[in-house]
Structure formats: structure tokens, C-alpha cells
Amino acid sequence: MLRVYNTATRKVEDFKSIEENKVGMYVCGLTVYNDMHLGHARTYIAFDVIRRWLEFSGYEVNFIQNHTDIDDKIIKKANQENVSFEDITNKYIERTQDDLEKLQVKTPTSMPKATDYIVEMVSIIEDLIEKGNAYVTDPVEGAFAPDVYFDVISASDKFGTLTGQRLEDMRAGSRVAIDNRKKHPADFVLWKGAKEGEPSWSSPWGKGRPGWHIECSAMSLKYLGKQFDIHGGGIDLKFPHHESEVLQTECHTNHSPMANYWIHSGHLTINNEKMSKSLDNFFLVRDVMKEYSAPVLRFYLLNGHYRSPIDFSDSNLEESLSAYKRLEGVYNRLESVNKSGEQEPEELVSAISLCKSGFSEAMNDDFNTREALAVIFQFSRLVNSYELEKLTIDLQRKILDVFEKLGGVVLGLFTKTEIGSEFKVQIEELISQRNIARVAKDWELSDSIRDKLMSLGVEIQDTSEGTSWKLI
RNA sequence: GGUGAGGUGGCAGAGCCCGGCUAUGCACGCGACUGCAGAUCGCGACCACGGGAGUUCGAAUCUCUCCCUCACCA
């Protein structure tokens, strides 16, 4: 039985999907005006693994992750670079998808972009105005059309679903400047009247563009309906973004809750401060990936619980690299054994099912990837204590299957690199030359060939069984 | 002022809901393999839970209290 921590109730709950064997899941995507940093990567890898585990457990997952492609920051950047906002968003949508793919994140079922759903947003806003949950204000200075705000007092019974905050306890002006056009300081914008030179869409209130929160309400409603299973995102989105989504969507649909489980991933911190664009302490995924592969990065991020903060540092990544190599080593050896024997040790056979059940137990306990990895490591140590080529082929395959399914399919570790056959021949040629030199005890030649292989990115290993190699 | 999350061996951060052997990885020590080095593998040691008090036969885990860190708040 899968148990999941629900931010809305602050409790770990039994997971039950609305429709049997199916899960609808919405995760808030990026505002596409910049490259993805590691903090984002953490969120998307966390939800990727959640999705993979659900699928592995037999659910068909409809996984929606949007692109926020209209926003003040995008407009600002477009103006700075003197290009259209679409030039910015198209570029970063492509780069975001590229980064996700490189991180071995499974492609979402759909990745809608906000600007394709303006009509839906307008109709939700119209409905909210009609119901008395939203109101039209005067245009802001410099704008030629009015704004529309959500009236939090009209839905004060719903306020605090996620944050547990009461309206009266909130501190005015701490993040956003006080605006006296609003009825209540917590009222948030649904529609922004356009200013000169800004991208805009027609609406009953004149030209303008949607507010941030309404985008996700419209897209989740469109793709998953008025009530779906899981809504996720980074913990920083809990307030105000998700809180606002709940208010808008539920007032519009007259249906509560919009999502049965709210799941939020923890921050990635750096020197114990959150990694963010605004603090300017971020590392871009594409930069870090020049040095560390996707499995190493994933290992590092999955080595803590998805809700706990993880502190980023070079030495922590380096540590993950060493740890991951240990796992990868067993996996590679299993993959490349080409002999088999007669042994089927009882201890090893039963360890397979123990590993599987331990892994499941960990994952079912609110996706405890850290514990799941510990189970795999324990299994690895036992596997390593046997000589693989003496095991029956059947047992070898069963062990490999554990690594492929749990480590590969569920956690998204291990990468199969396709090696060109020409390159392979070249490597094997060099190794045999080196072995000739070794037999002749020509250590100078032998070592120079080893260095050459190293420069090609090939690491070799001399064992009593001969020389093996792998790409690094 | 409010709200939420945290403080665990040298380092990392699972275990806490549901009290009883705690794991896991890195680093460390020893050994195996090797022409050597690295890499790899095995074994071992460290025996920790922010401070204080309480409950209990027994507390990392429950209760109270104090200290500290981080995040969010129109």
C-alpha cells in the first residue's frame, strides 16, 4: 500500500486514486525565460521518480507539466534583448525540454503552454466575476485596460487550505507592494491590463494577459478535470501559487478538493540557503552536466528524501559520484558476464526477493528513495561477494533484472551508452597491443597505451580474468 | 508577529507517525587482485542522535522546556 504525505492535511495518507489503476498528476513547470537550474532539476527528478514508481506499481499515469510562457519576467527579458516574447519562450521551451531529457526525466504525457489556453482562462475569470469572487479595478498607471483581481474575502473559508495561514495573520507588504486598488491586500491578480508595447490578448475587460496562478488552474482543469489525484511542485510554490489555484479553481467549479494529494518537494540549498535565481546562487543543469552525468546527479538528489532540504556542494556531488560508481560497477559487471556456472546459492536467491520487497516498502513509504537505495546497496554487497561467472545464467539474469528494474526503470539511474563499433575495435586493438607489451614486460609502452586509452575516455582494469574496460 | 520544515557517527542524511539489533554511502584502517599505480572487490573500526528535564523495565523515536538554522507570508 502506497502512503503519501499530503501538504493539505500535513499527514501521511493511504493513496487511493480516483479511477482504479489510473492517476492524473499535474506538476507546475517553469517560467521559460531562463535555463533550468539544479533546484528545478531536483523538483522534476523528484516528480519523475514519483511518476515512475506509480507506473511501476501498475498505474497508468497522465502526467501534465506546463510551460509558463507569458509573465512579467519574460516580457522584461524580451524588451532587454529587443526580441519578441515568443522568441524568448520558444528558445527556453526547447532548452528546458532538452535539459529534462538529458536528466533522464521521462517525457510528460503533455506539456501544454499557457498562451494556448487564454480563452479558457478568460472564461474562468468571467465566471468568477459573475459569482462575486473577482472584481475589475481601474487600470494601473500606464495601462490602457483594467486589471481583474480575485477577492479573497469572498472565499475566506477556503483560504489557508495549504498554508494553514489565516488572512488576518498575514503581513502586508512583505513581498509585494501595497496596492490600494485592491479590496484586500491578499487579493491576487487574475488578469492584467496591457501597457503600451506589451503582448496582449482580447478579453471582455480589454486587452491584457493572464496572471500567473490562473494559468495552472486553466490547464489542470482542461487536462485533468475538476478533481484529480496529485498536484505537485516545489515547496516554494505552496504559497501563493498553489493556494491561489485552489481558490480560483474551487470557486469556479464549486468542487472541492481540486486535487486529492498535494505533494511538494523540498529545496535544494547551497550553504543552507535556497538555490534560486533571485539569490543568484544557482548552478545551471547544463553546466553541472558537463562534469557529472545524469545518473550521478539523480543519485545525488535521490539520496535524500524528496521533502527534505538537500544541501548542494561540490564535495557532496563528488561523494555521490563515488557511491554511484559502486552501483554502476555491479551493474556493468552483471551486464558483461559471458560465462555461467552451476551455482545457485540459496542466500543469493532469497536476497533477490528481499531486495525487491525492501525496495517496494521504502518506495511505498512516501517515496523514500534514500532507503530504497540503501536496500540496493545491501544487495550489491552480497552480489559482489560471489563470482558472477560461477552462477547459473538464470540467476545472473534475475540479479541483473533487479538492477535494471529498480535502479533503471524506477530510479532512472544507469545509462546505456551506445558505442560505435569502429571505436570499439580501436579500443580493443589498443588493449591487445598493451597486453602484448605487458607480456614482454615493456612497462613503458604498456603505460603509454594506458594513458592513450585514458585520453579517449576509456578506463581499463587488469584482473586475473584479463583486461576489462569501460567508458568514463 | 504568523505559518511550515529542520538540528543524527569525521562528512552526507534515512530511521521518528508505530519506543526494544539501527541501517546506507563517502572518507578511514586492514586484506585480496596487480609488473606498478589507479580502479575494483572483501573485511573492519568508529558506535552518533542540539541542551535540559520527564514518562518508561527500555527513548534518536513519546511529553515538556530552552537554544539554534532555514523557508514562506498580499
Side-chain angles (χ1 to χ4, degrees), chain A residues 3 5 7 10-13 149-150 152 159-160 162-179 182-189 234-244 264 266-267 269 271-274 276 279 299-300 302-305 307-313 315-330 332-333 358 362 365-366 368-388 437-444 446-447 450-451 454 459-465 467-470 472:
Chain A
R3 290 168 55 75
Y5 181 85
T7 313
R10 282 173 224 97
K11 283 193 187 85
V12 178
E13 301 174 354
Y149 280 90
F150 188 89
V152 291
F159 197 91
L162 293 176
T163 41
Q165 291 271 80
R166 290 178 309 164
L167 272 174
E168 53 268 34
D169 290 334
M170 315 266 297
R171 178 175 286 192
S174 62
R175 197 177 71 100
V176 176
I178 294 170
D179 181 343
K182 295 202 262 181
K183 290 189 188 172
H184 185 99
D187 291 351
F188 52 89
V189 71
I235 187 77
D236 47 329
L237 297 184
K238 187 168 82 169
F239 191 92
H241 186 56
H242 289 160
E243 188 75 41
S244 302
H264 292 98
H267 280 132
T269 62
N271 295 322
N272 291 316
E273 280 186 315
K274 82 162 186 175
S276 71
L279 290 172
F299 180 94
Y300 166 64
L302 296 174
N303 201 211
H305 188 90
R307 282 191 280 124
S308 303
I310 296 182
D311 201 48
F312 176 82
S313 72
S315 59
N316 288 350
L317 252 185
E318 226 16 75
E319 183 191 310
S320 293
L321 176 64
S322 308
Y324 174 68
K325 274 176 138 176
R326 189 180 169 79
L327 273 190
E328 194 190 33
V330 204
N332 287 155
R333 257 170 280 136
D365 183 15
D366 196 26
N368 193 338
T369 50
R370 162 66 184 226
E371 194 58 36
L373 281 167
V375 171
I376 296 183
F377 271 111
Q378 263 169 321
F379 180 61
S380 299
R381 196 174 52 212
L382 185 70
V383 172
N384 280 333
S385 66
Y386 287 91
E387 287 179 68
L388 295 176
R438 289 176 70 214
V439 172
K441 297 197 192 298
D442 184 350
W443 309 130
E444 208 174 309
S446 155
D447 288 352
R450 181 165 63 193
D451 290 344
M454 203 63 185
E459 187 175 88
I460 51 171
Q461 204 174 312
D462 298 322
T463 69
S464 47
E465 301 291 317
T467 304
S468 65
W469 61 276
K470 66 170 184 177
I472 50 165

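Below, chains carry the letters A, B, ... as their sequence lines are ordered, and counting in each starts from 1.
Using a 4.0 Å heavy-atom distance criterion, A:Ser308 is classed as a sugar-phosphate-only contact. At a threshold of 4.0 angstrom between heavy atoms, the contacts of A:Arg438 include nucleobase atoms, whether or not backbone atoms are also involved. Using a 4.0 Å heavy-atom distance criterion, A:Lys11 is classed as making no nucleic acid contact. If you check every strand for non-hydrogen atoms under 4.0 Å, A:Lys274 touches sugar and phosphate atoms only. Across all strands, A:Asp236 comes closer than 4.0 Å to no nucleic acid atom at all (heavy-atom distances). At a threshold of 4.0 angstrom between heavy atoms, the contacts of A:Gln378 are confined to the sugar-phosphate backbone, with no base atom among them.
Using modelled atom types, one finds no donor on one side chain facing an acceptor on the other under 3.5 Å when comparing A:Asn384 with A:Arg326.
Judged by distance alone, with hydrogens and angles left aside, A:Asp311 brings no side-chain donor or acceptor close enough to the base of B:rG6 to form a pair under 3.5 Å. Side-chain to base pairing of A:Arg450 with B:rA37: one donor and one acceptor N or O lie within less than 3.5 Å of each other. The base of B:rG25 lies outside donor-acceptor range of the side chain of A:Ser322, with no N or O pair under 3.5 Å.
Base pairing analysis places B:rU3 opposite B:rA71; the two distances defining the Watson-Crick or G-U wobble pair are each below 3.5 Å. A 3.5 Å limit on both hydrogen-bonding distances identifies B:rA53 as the Watson-Crick or G-U partner of B:rU63. Across all strands shown, B:rG29 forms a Watson-Crick or G-U wobble pair, both distances under 3.5 Å, with B:rC43. Using the Watson-Crick or G-U wobble rule with both distances under 3.5 Å, B:rC18 pairs with nothing in any strand shown. Judged by Watson-Crick or G-U wobble contacts below 3.5 Å, the nucleotide B:rA48 has no partner. Searching all strands for a Watson-Crick or G-U wobble partner of B:rA12 with both distances below 3.5 Å returns B:rU24.
A:Asn316 has no side-chain polar atom (N or O) that falls below the 4.0 Å cut-off from OP1 or OP2 of B:rC11.
With centres under 5.5 Å and a plane angle under 30° as the test, the ring of A:Phe377 is not stacked against the base of B:rG25.
Closest to the side chain of A:Arg3, from the set B:rC18, B:rA71, B:rG42, is B:rC18. Closest to the side chain of A:Ala323, out of B:rG35, B:rG25, B:rG13, is B:rG25.
Taking the side chain as every heavy atom from C-beta outward, A:Asp187 and A:Phe150 never approach each other to under 4.5 Å.
The salt bridge (charged side-chain N to carboxylate O under 4.0 Å, His left out) check on A:Arg370 picks up nothing, with sequence neighbours excluded.
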